[in-house]
Structure formats: C-alpha cells, structure tokens
Amino acid sequence: MSDFKSDFLHVLSTRGFIHQVSEPEALDDLARTSRITAYIGYDCTAPSLHIGHLLPTMMLYWLQQTGHRPIALMGGGTTRVGDPSGKDESRKVLSSEIINENLVSIRKTFSKFLKFESDGGNAVMANNADWLNTLNYIDFLRDVGRYFSVNRMLAFDSVKLRLERQHELSFLEFNYMILQAYDFAELNKRYGCTLQMGGSDQWGNIVNGIDLGRRLNNARLFALTAPLITTASGAKMGKTAAGAVWLNADLLSPYDYWQFWRNTEDGDVVRFLKLFTILPLEEVTRLAALQGGEINEAKKVLATEATALMHGRASAEQAADTAQKTFEQGALAENLPTVEVPRAELDTGLGVLTAFVTAGLVASNGEARRQIKAGGLKINDATITDEKTTLTTGALTPQGVIKLSLGKKKHVLIKPV
RNA sequence: GGGGGAGUGUCCCGAGUGGCAAAGGGGGCGGACUGUAAAUCCGCUGGCUAAGCCUUCGUAGGUUCGAGUCCUACCUCCCCCA
C-alpha cells in the first residue's frame, strides 16, 4: 500500500491514515499530476469538535501540505437530519439556532489546521445548508431520488444494523445518506471536488456520493476512509471521566489536553505520533526505539507536539512545564487549573467537601466523602482523613494558594480573592 | 384495527418471590503495584444539614401497613394477524 507515487497518498499511507481507498491507482495518478480538491463533512451536533474529529482533520491538513485543496464542509443542513451510521439510537433533533451556534464555534478549530483564503491559503469552508435548505421536495425526488435504489440502501450497514437489531430508523434519518451523496455531487459541481474523505463508518455514504456524482455530473469521484481509532486495549478513543476530549480550549484547557496525550498507552504512542503530530517519520522512528520507562519521553513529545498543533507552541510548553513541576519535581506549579474562592470563606473555614465540589474535582459531597474514605483526596499533598477538615488561610502555601488533589493526577489550586 | 411481548439504578447491558436504595456485568473513579502506561488485586460507583431524611424501576392514578413487583388508563418500541 505504501507504493503510492503522489506525495499526498504517500504521506497518508506511511503515517497510517488509510483504511480504504476506491480506485487507488487512479486517485494516485490524479494526485500526482494535478491539484485535487477533497472534502470532509462535519456534524454540528456539539459546540466543539472532539478527538474523534482530529484524525480526518489531519488528513485535510496533509492534503493542503502536499499541494492540494481542502474543503471543510459544515453540516448545517445535514445536522438537521442526523446521521444514523453506527448508532442504535436516533439523534435528538437540534434546533437551527443551536446548530448555527455550534457551527460558528467549530469553525475556529479549522483555522488552526488549514490556511483559508483570508490567510493566503486555498482552503474552503462550505456549509451544506446553503444548498440543502432550499431544496424543493418534488424536484429533488425527480432529479436525485430517481438514482437511489431502496433495495440497495437497505443493504448498507448503517441501515441494515438498525433493521436487524430492530431499532427504529425514521424516514428522516433514512434520507441522510441521500443528502450526503448530494453534498458530494454538489461540491463537485461547485468546486470541482473529486475526493471525499472520512472515518471508516462513512464508506457507504461516500460511495453513494460517488455513484450520484457519476450519474448527475458524469464525474469520476473517489473515496478515502481512515481507520477507526481505538486504544491498544480496545477502548474507543476520546472518552474520559469528564466526557469527550474537546478541541476547543474553553471546553478543555490546553493543560488537560496535554494530559490526555501524556496518558496514552504504551502500545499507542508510535501510532499516535504518526497520526496526531506532524513530526517527521525519522523522528518518530527514533522515538519508537525507546523501551520500558523511556517511552515516557515519547509520550511527552506526543503530548507537546499534539497540543502545540491545537493550542499553539506556547500553551503546549507551558502545559509540559506545569506537568514537569507537578509530577516530576513534586513542586507546586502555578499554572495548574485554578479556582477562585472569596477570602472571607477561608477566614471562617471552608469545609473540605464543599471545597472539592467547588473545585470541580468531585460531583457531590457524597462523592467527596467516599473519596476521602478511599484515601483519594489531598490538601497540599497531604491525604485527608477526616471529612470535617476545614480549609483556612493557614493552609495557604507561600505562593498564596491551596492545592487540592484527586488521586495522583488531578490537581486544582484554590486561590483566595 | 385485533392478538402477544417489552420499557429497571439517566453512562450502557441486565436480574428482580409485595418489605428494595434494588443481584450481576461492563464502563468510570479511588487505593496497592508501576513509568502520570498496560496487566493484576482491593474498595467505591443516587442526593442531603447523614445511626435519620429525600428522590429513583416508561407516564398518571389506584389496591395495600408496605409496590419495580398487583390493578386501571395512557405513552413508546418490537413481533404476529388484518
């Protein structure tokens, strides 16, 4: 598979991005001899992209880096329908207002990876609401619907699984793949887009678009999917206690983002370095040679590089520095997440339970009590044994803060104001 | 339209004879061991002003000292017949 001649496919292939490609030779030729335009569609179901979106987005990055033109397609229209792929449950129907807010919020992420025209690049940001919202039903059925065979649609995994497991699949969702296919054909017409990329679960939807493009525009279109990323121990990636690993800094701080990558399993480090950083492969190979505890060095590189890509080099270095002080020197790092508390509350004595809840380390007083019993809570690195303990100004460190810890990894500073 | 079945700790799957804050998993969190890893072992996994109180088994009523469990109506899903 790595005998691709075009830079684009060569890079994707050697870094481990490729799961399936339709007509690999033809696409390779096209990418070698011309500038291709490719797109990836994004849902607007949440106010931020998360780790799961990072892999496809890296493909757009490499696409542009190897001289081609990426389109980030926001699903302003399709999000109103909901993609049933890989899900048993129907999506909640989101209001147009929320979808729009999400869309605006998500847009910011792309500017980190892609150069748009405003930055002197050629990347395009499109929104399928532009053409989907104004579709006329009868016209659409006659022009597009005629090319879709229900027999065939029923055979697609996204549909088949629902039917087999006897889960509801509404007609609304059933139409999702038609709309996505239409997106591809429309982007081909508007921008000369000839390639759609996505996660492996998108294969069926993409192939539908290829067929429709041929029928509507007589165009030759291609599909390229990325593998579904699971961790070495088989868990789906991107879930933590706090929920999804968000890409927006206001939902997940650069420090926490760094920590996420730092805690990568051994078996994943090399793969992740290739996928989620832009380090040269020679460098990755060098890091791959590390054994045993030395792998931690590779993990730090992974964390810093991945964070730098997302939040900038400065934030990444700061996160690395904070982690180094906290974990390796046992020192108090001032850049740990900080929660401000009125000084008056410390004067009168703040209950530990309340303090940990306020800091966001535990969800309720009850959980705080349980954690104390289990020996999981610490004040300034001293394990709490009595839930009646109170925090006073006496607990302030020379730096004027109090360090609260949950377990070994989660720390929050309390700062009086 | 007729007949049959199902909805359980709001993360998921799932047991449940009228005494149930409700078995068991998975996941998650904490502890031990480590390398901020994995594996393994142990503990925890509704809320509160906590030997008590409050809220939970699709929804709303009812029977009962007491209901996830019985009755009625309704909602949603599945299967068979039309």
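For clarity, every value in this text was computed on a predicted model and none was experimentally measured. Because only heavy atoms are used, hydrogens play no part in the values below, and waters and symmetry mates are left out as well, while side chains stay in. So you know, we letter chains A, B, ... as the sequences are listed, proteins then strands, and number each from 1.
For A:N248 (side chain) and A:L251 (main-chain N/O), no donor-acceptor pair under 3.5 Å exists by modelled atom type. A donor-acceptor pair under 3.5 Å is formed between the side chain of A:K299 and the backbone N or O of A:T264.
Pair check for B:rU76 finds B:rA6; Watson-Crick or G-U wobble, both atom distances under 3.5 Å. In a base pair of the Watson-Crick type (N1 to N3 plus N6-O4 or O6-N4) or a G-U wobble (N1-O2 and O6-N3), with each distance short of 3.5 Å, B:rC11 is matched with B:rG26. Nucleotide B:rA39: unpaired (no Watson-Crick or G-U wobble partner with both distances less than 3.5 Å). B:rG1: Watson-Crick or G-U partner is B:rC81, with both key distances under 3.5 Å. Under the Watson-Crick or G-U wobble criterion, with both distances below 3.5 Å, B:rC33 is left unpaired in every strand shown. Pairing of B:rU56, defined by two Watson-Crick or G-U wobble distances under 3.5 Å, is not identified with any nucleotide.
OP1 or OP2 of B:rG46 has not a single side-chain nitrogen or oxygen of A:R370 nearer than 4.0 Å. Put simply, A:K409 has no side-chain N or O that comes within less than 4.0 Å of OP1 or OP2 on B:rG30.
For A:W246 and A:Y257, the ring centers sit 6.0 Å or farther from each other. A distance of 6.0 Å or more separates the ring centres of A:Y255 and A:H311. A distance of 6.0 Å or more separates the ring centres of A:F110 and A:F116.
Projected onto RNA chain B by closest heavy-atom contact, A:G292 and A:G366 fall at different nucleotides, the more 5' of which corresponds to A:G292. Between A:N365 and A:N296, it is A:N296 whose nearest contact on RNA chain B lies nearer the 5' terminus.
Taking atom P in both B:rG30 and B:rA38, one finds a spacing of 11 Å when rounded to whole Å. Separation of the P atoms belonging to B:rU10 and B:rG5 is 29 Å when rounded to the nearest angstrom. B:rC12 and B:rC57 have their P atoms separated by 15 Å, with the value rounded to a whole Å. Nucleotides B:rU69 and B:rG58 have their C1' atoms positioned 15 Å apart, rounded to a whole Å. Only the C1' atoms considered, B:rG28 is 15 Å distant from B:rC13, to the nearest whole Å. A gap of 44 Å separates the C1' atoms of B:rC33 and B:rG19, to the nearest Å. Between B:rG16 and B:rG68, the distance separating the two C1' atoms is 8 Å to the nearest Å.
Applying the 90° cutoff around 0 to the glycosidic angle, B:rC48 is assigned anti.
No N or O donor and acceptor, one from the side chain of A:E367 and one from the base of B:rU45, sit under 3.5 Å apart. Between the side chain of A:D266 and the base of B:rG35, at least one donor-acceptor pair of N or O atoms lies under 3.5 Å.
Residue A:A323 has its side chain nearest to B:rU36 when only B:rU49, B:rU36, B:rC44 are considered. Candidate nucleotides B:rU36, B:rC44, B:rC48 were compared by shortest atom distance to the side chain of A:S364, and B:rC48 ranks first. Which of B:rG35, B:rA37, B:rU45 sits closest to the side chain of A:E265 comes down to B:rA37. Minimum atom distance to the side chain of A:N263 is reached by B:rU36, of the listed B:rU45, B:rU36, B:rG31. Taking the side chain of A:Q371 as heavy atoms from C-beta on, and the options B:rC29, B:rA37, B:rU36, the nearest nucleotide is B:rC29. Here the side chain of A:K408 is nearest to one of B:rG46, B:rU36, B:rU34, namely B:rU34.
For the pair A:L353 CG and B:rA50 P, the interatomic distance rounds to 11 Å; values are reported in whole Å. Remark: C1' of B:rG35 and CZ of A:F327 are 13 Å apart, rounded to the nearest angstrom. With rounding to whole Å, A:L406 atom CG is found 12 Å from B:rC44 atom C1'. Between the C1' atom of B:rU36 and the CD atom of A:E294 lies a distance of 17 Å, rounded to the nearest Å. Atom C1' of nucleotide B:rC42 and atom NZ of A:K373 are separated by 16 Å, given to the nearest angstrom. In this entry the distance linking CD1 of A:I384 with P of B:rG30 reads 14 Å, nearest Å. For A:W261 and B:rA37, the CH2 to P distance is 17 Å, given to the nearest whole Å. In this structure, the CD1 atom of A:I372 is 15 Å from the P atom of B:rA50, given to the nearest Å.
A tilted orientation is assigned to the rings of A:Y42 and A:H53, their planes being inclined by 30° to 60°.
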(Q) Applying side-chain hydrogen bond (donor to acceptor under 3.5 Å, both in side chains) to A:W62 and A:D7, what does each step give before you reach the verdict? (A) CA-CA 9 Å; A:W62 288 115; A:D7 286 348; over 6 Å; no

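Within 4.0 Å (heavy atoms only), A:T264 reaches sugar-phosphate atoms of the nucleic acid but no base atom.
Side-chain atoms of A:D256 and A:S253 form a donor-acceptor pair, as typed in the model, at a separation below 3.5 Å.
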